[in-house]
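To start, the structure under review is shown below, and the notes come after it.
Every chain is numbered from 1, with letters handed out A, B, ... down the list of sequences.
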Amino acid sequence: MSEVRVRIAPSPSGNLHVGTARTALFNYLFAKKNNGKFVLRIEDTDAERTSQEYVDNIFDSLKALGLNWDEGPDVGGEYGPYTQSQRFDIYPKYIQELLDKGFAYECFCTPEELEAEKEEATQNKKAYVYSKKCENLTEEEKAKLRAEGRKPAIRFNVAKAQAAFHDSSILEFEDLVKGKLHMDTNLIGDFVIMKSNGAPTYNYAVVIDDALMKISHVIRGEDHISNTYKQILIFEALGFEVPRFGHLGMILAPDRSKLSKRHGATAVSDFVEQGYLTEALVNFVALLGWAPSDGEEIKPVDKIAEDFRIGEISSSNSIFEYDKLKWMNSHYIKMLPIEELKEKLKKYLTKYDLSELTDAQYTRMVEITREPLILLSDITDAVSYFFGGENVEIEPEVQTEVIDTEISQDVLKSFVEQAKDWEWSEENLHEKLEAFRSEYKEKGVKPKVTMWAIRAAITGRTRGADMTATLAILGKDNCIKRAKRSIK
RNA sequence: GCCCCCAUCGUCUAGAGGCCUAGGACAACACCCUUUCACGGUGUAGACAGCGAUUCGAAUUCGCUUGGGGGUACCA
């Protein structure tokens, strides 16, 4: 068997979309599993809509996801260049071959003429198929048209190619994920492969690039199924080996429409910005349409690759459920090594003066506040009461519902009284607090209530990180001052 | 309009004719644990789109209907 070579070919007309990321992932997994090569190609034939900024975003996002490519615009490779706009000189050659073989012809139709044809088709409730008006133009006619200043586009002769390589008008291929797929080529119509301005169209450029880059398997979204028939015909007409194709279901938003900004993040970089871990994102996206054989859903990409089989991918669309992604993200946050977490979190702590804390205190603070985090960005709010010295912002409700009660006031007075003699280490605090709680328990005050009073006064909230550690990090001075401030 | 693809709990899925009174995960709900929130644990609820056909037997095969998605460009 020849070498497995797959590719991801994004168009830099926007930041890397999660859908593209998933396609990239499946290609990557397929390459890994089969000891193949993963190629990155930038499809920027439409100069109007593409920009370098997006190219950079695509590179960065793919790298962040851990989907490293073996060949691509930056790392090069045997079959470069890997950016379509740099390959414009190689496309005409094969156009000429197609022309010579009679599989393509010049078309002088104007946009208006074409528009009229389409209009007529809709009127008659028929599928629109190009009329082939220009198929048999004589040299004289062409010369005349040219003299009028018309520049021809090149169209591919579908029927001719189909007849040359197949028995009927039905074109069939075996899809890696969907099985047998077929289409009546009579319904396709002679499509343009080179625009009148000399630029290749997508369907044509893809074939040339895939063929020249020796791509063995094309794994992409099912929105490309209808393009596949056109592409197979070009491969055949040019005598290239036709690759295997695999079409993935689409990713839909919870309302079954296309996933767009209004649903939340859509670009990988958006997710990262919002505090998602790329490890969680890849893992989650792998589970869209695929399930691990051992039922273990949380696993790193290389483990997934071992288990991956393309034929097992679901052929239906799947909905992007943010809830499950969040669950997964919180899982990955819990598993992240503390030093890495500390580093990643800094980005969300810029509003605080981190110099108030020693590194040990910062570490401890992260340890005790990481648990409930769903997004990294949640840390901003989770940690606010560790800063600002003796001043804490107290939520109004906490003030009236908790701090102002008779019991709380009593607890706080007693706390201030006792705490001033405590040795302020976490261990000792733990013991002291425990004793403090039992003392009140004997008076009929639940431990929960006792702790609430202290927590409320010191953090301004009714919920938060482990109290003992919180007190320790804040320091004796701050704690006592904060407690005193809450005593009326 | 025409063409193509798809169809199991709300969601992601397991399921390749009898192992299915359909399994797991997220979400939901309840309880337990607990100094709070959370984590964790234990439970509850929840699906084979409909109709026909094949078969001793169908979630699994076939057909139709319905629903959803995609395509229909000198965009990619």
Side-chain angles (χ1 to χ4, degrees), chain A residues 9-13 43-46 48-50 84 107 109-111 114-115 118 121-129 151-155 175 178 181-184 186-189 191-203 205-206 221-229 247 249-250 252 254 256-258 284 287-293 295-298 312 314-328 330-331 334 369-374 382 402 430 433-434 436-437 446-456 459 461-468:
Chain A
S11 173
S13 54
E43 308 216 324
D44 59 346
T45 46
D46 190 353
E48 302 274 305
R49 310 193 311 161
T50 61
Q84 281 186 333
C107 171
C109 294
T110 61
L114 264 13
E115 199 46 54
K118 277 178 215 169
T122 15
Q123 292 284 317
N124 300 332
K125 298 191 173 185
K126 292 276 261 294
Y128 166 67
V129 179
K151 303 259 282 176
I154 311 295
R155 281 184 189 272
D175 190 90
K178 287 176 188 281
L181 255 30
H182 56 81
M183 173 77 181
D184 185 348
N186 286 152
L187 266 18
I188 293 180
F191 54 96
V192 171
I193 52 180
M194 182 161 281
K195 306 177 198 176
S196 52
N197 67 8
T201 61
Y202 163 77
N203 277 120
V206 163
E222 71 175 25
D223 49 338
H224 285 291
I225 290 180
S226 58
N227 288 328
T228 307
Y229 304 99
H247 290 94
M250 311 260 76
L252 269 27
R256 296 190 175 278
S257 67
K258 205 172 260 165
F284 170 72
L287 259 25
L288 256 28
W290 177 83
S293 56
E296 275 304 320
E297 296 193 322
I298 296 199
E312 288 173 354
S314 156
S315 47
S316 47
N317 295 339
S318 42
I319 289 172
F320 195 97
E321 195 68 64
Y322 289 89
D323 275 347
K324 187 151 186 176
L325 206 211
K326 285 181 178 166
W327 164 75
M328 197 159 265
S330 70
H331 237 279
K334 286 181 189 72
T369 50
R370 74 189 302 183
E371 195 73 14
L373 298 183
I374 289 174
V402 184
H430 185 75
L433 241 23
E434 197 163 14
F436 189 77
R437 256 178 267 136
K446 287 184 188 155
K448 191 171 168 174
V449 175
T450 311
M451 294 305 282
W452 262 27
I454 298 173
R455 180 183 293 282
T459 71
R461 309 189 189 184
T462 53
R463 51 170 79 167
D466 177 79
M467 216 42 236
T468 312

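- Remark: B:rG63 base-pairs with B:rC51; criterion is Watson-Crick or G-U wobble with both hydrogen-bond distances under 3.5 Å.
- Side-chain atoms of A:Trp327 and A:Ile298, non-hydrogen and from C-beta on, do get closer than 4.5 Å to each other.
- As judged by a 4.0 angstrom heavy-atom cut-off over every strand, A:Ala121 is placed among residues making no nucleic acid contact.
- Looking at heavy atoms from C-beta onward, A:Ile188 lies out of side-chain contact with A:Ser226 at the 4.5 angstrom threshold.
- Other residues, nucleotides and ligands contribute over 12 non-hydrogen atoms within 6.0 Å of the NZ atom of A:Lys334.
- In this entry the distance linking CD of A:Glu222 with P of B:rC6 reads 8 Å, nearest Å.
- Rounded to an integer number of Å, the gap from CD1 of A:Ile225 to P of B:rC2 is 20 Å.
- Comparing B:rA76, B:rU35, B:rC37 by their closest approach to the side chain of A:Arg463 singles out B:rC37.
- In this structure, the side chains of A:Glu321 and A:Leu288 stay at 4.5 Å or more apart for every pair of heavy atoms.
- The nearest heavy atom of RNA chain B to A:Ser316 and to A:Met467 marks one nucleotide each, and the one closer to the 5' end goes with A:Ser316.
- Side-chain rings of A:Phe284 and A:His331 stay apart, their centers remaining 6.0 Å or farther from each other.
- Backbone-only contact: A:Ala291 has heavy atoms under 4.0 Å from sugar-phosphate atoms and none from a base.
- Within the structure, a side-chain polar atom (N or O) of A:Lys195 is placed less than 4.0 Å from OP1 or OP2 of B:rC75.
- Remark: the separation of the C1' atoms in B:rA76 and B:rG17 is 44 Å, to the nearest Å.
- Base pairing annotation: B:rC29 forms a Watson-Crick or G-U wobble pair with B:rG43, both donor-acceptor distances under 3.5 Å.
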Just the atom pairs and distances: protein N or O near nucleotides 23-26 of chain B's N or O, under 3.5 Å.
from	atom 1	to	atom 2	distance (Å)
B:rA25	O2'	A:Glu297	OE1	2.6
B:rA25	O2'	A:Lys324	NZ	3.3
B:rA25	N3	A:Lys324	NZ	3.3
B:rC26	O2'	A:Lys324	N	3.4

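- Residue-level contact check: A:Arg256 touches the backbone only, with heavy atoms under 4.0 Å from sugar-phosphate atoms and none from bases.
- Taking the side chain of A:Gln84 as heavy atoms from C-beta on, and the options B:rU35, B:rC12, B:rA76, the nearest nucleotide is B:rA76.
- Look at B:rA38: it lacks any Watson-Crick or wobble partner with both distances under 3.5 angstrom.
- Taking the side chain as every heavy atom from C-beta outward, A:Val192 and A:Cys107 never approach each other to under 4.5 Å.
- Phosphate proximity of B:rA76 to A:Thr45: present, with a side-chain N or O under 4.0 Å from OP1 or OP2.
- Listed candidates were B:rC3, B:rC39, B:rC74. Nearest to the side chain of A:Glu371 is B:rC39.
- B:rG50 and B:rG67: their C1' atoms are spaced 11 Å apart (whole Å).
- Taking atom C1' on both nucleotides, B:rC20 is separated from B:rU8 by 12 Å, rounded to a whole Å.
- Rounded to whole Å, the C1' atom of B:rG23 lies 26 Å from the corresponding atom of B:rU55.
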TODO: List the steps, then state whether side-chain contact (heavy atoms from CB on, under 4.5 Å) holds for A:Arg256 with A:Asn317.
DONE: CA-CA 9 Å; A:Arg256 296 190 175 278; A:Asn317 295 339; over 6 Å; no

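- Between the CG atom of A:Asp223 and the P atom of B:rG68 there is a distance of 20 Å, given to the nearest Å.
- The side chain of A:Lys258 approaches B:rG70 more closely than any other nucleotide in the set B:rG70, B:rC74, B:rC6.
- An OP1 or OP2 oxygen of B:rG70 is reached within less than 4.0 angstrom by no side-chain nitrogen or oxygen of A:Ser226.
- Contact check, A:Arg370 against B:rA38: no side-chain N or O comes under 4.0 Å of OP1 or OP2.
- Note on A:Asn197: nothing from the nucleic acid sits closer than 4.0 angstrom, heavy atoms only.
- Distances from the side chain of A:Tyr202 to the nucleotides B:rA76, B:rU11, B:rG70 place B:rA76 closest.
- Candidate nucleotides B:rG1, B:rC74, B:rC3 were compared by shortest atom distance to the side chain of A:Lys118, and B:rC74 ranks first.
- The P atoms of B:rG10 and B:rG46 are separated by 10 Å, rounded to the nearest whole Å.
- The interatomic distance linking A:Phe191 (CZ) with B:rA76 (P) rounds to 13 Å, in whole Å.
- The closest side-chain heavy-atom distance from A:His224 to A:Tyr202 is below 4.5 Å.
- When rounded to the nearest whole Å, the span between CG of A:Asn227 and P of B:rU72 equals 7 Å.
- Note on A:His224: a base of the nucleic acid sits closer than 4.0 angstrom, heavy atoms only.
- Here B:rC37 is the nucleotide among B:rC5, B:rA76, B:rC37 with the atom lying nearest to any side-chain atom of A:Pro372.
- Contact annotation for A:Arg461: no contact, since no heavy-atom pair falls under 4.0 Å across all strands.
- The OH atom of A:Tyr128 sits 20 Å away from the P atom of B:rC4 (whole-angstrom rounding).
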Task: A:Ile225 and A:Met183: CA distance, side-chain angles, deciding distance, side-chain contact (heavy atoms from CB on, under 4.5 Å) verdict - done: CA-CA 10 Å; A:Ile225 290 180; A:Met183 173 77 181; over 6 Å; no

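- For the P atom pair drawn from B:rC48 and B:rC5, the interatomic distance equals 26 Å after rounding to whole Å.
- Under 3.5 Å, the side chain of A:Ser315 and the base of B:rC6 form no donor-acceptor pair of N or O atoms.
- If you check every strand for non-hydrogen atoms under 4.0 Å, A:Gly289 touches sugar and phosphate atoms only.
- On a pure distance criterion of 3.5 Å, no polar donor-acceptor pair joins the side chain of A:Asn317 and the base of B:rA7.
- Separating the CZ atom in A:Arg461 from the CH2 atom in A:Trp452 is a distance of 14.0 Å, to the nearest 0.5 Å.
- In this structure, CE of A:Met183 is placed 14 Å from P of B:rC2, rounded to the nearest angstrom.
- Distance check on atom P: B:rU44 versus B:rG24 gives 10 Å, rounded to whole Å.
- If you check B:rC2 for Watson-Crick or wobble pairing at under 3.5 angstrom, you find it paired to B:rG71.
- Residues satisfying the side-chain hydrogen bond (donor to acceptor under 3.5 Å, both in side chains) test with A:Ser314, not counting sequence neighbours, are A:Ser316.
- A:Leu181 comes within 4.0 angstrom of sugar-phosphate atoms only, judged by non-hydrogen atoms across all strands, and of no base.
- Of the nucleotides present, none pairs with B:rG17 by Watson-Crick or G-U wobble criteria with both distances under 3.5 Å.
- The P atoms of B:rC75 and B:rA16 are separated by 48 Å, rounded to the nearest whole Å.
- The interatomic distance linking A:Ile319 (CD1) with B:rA27 (P) rounds to 17 Å, in whole Å.
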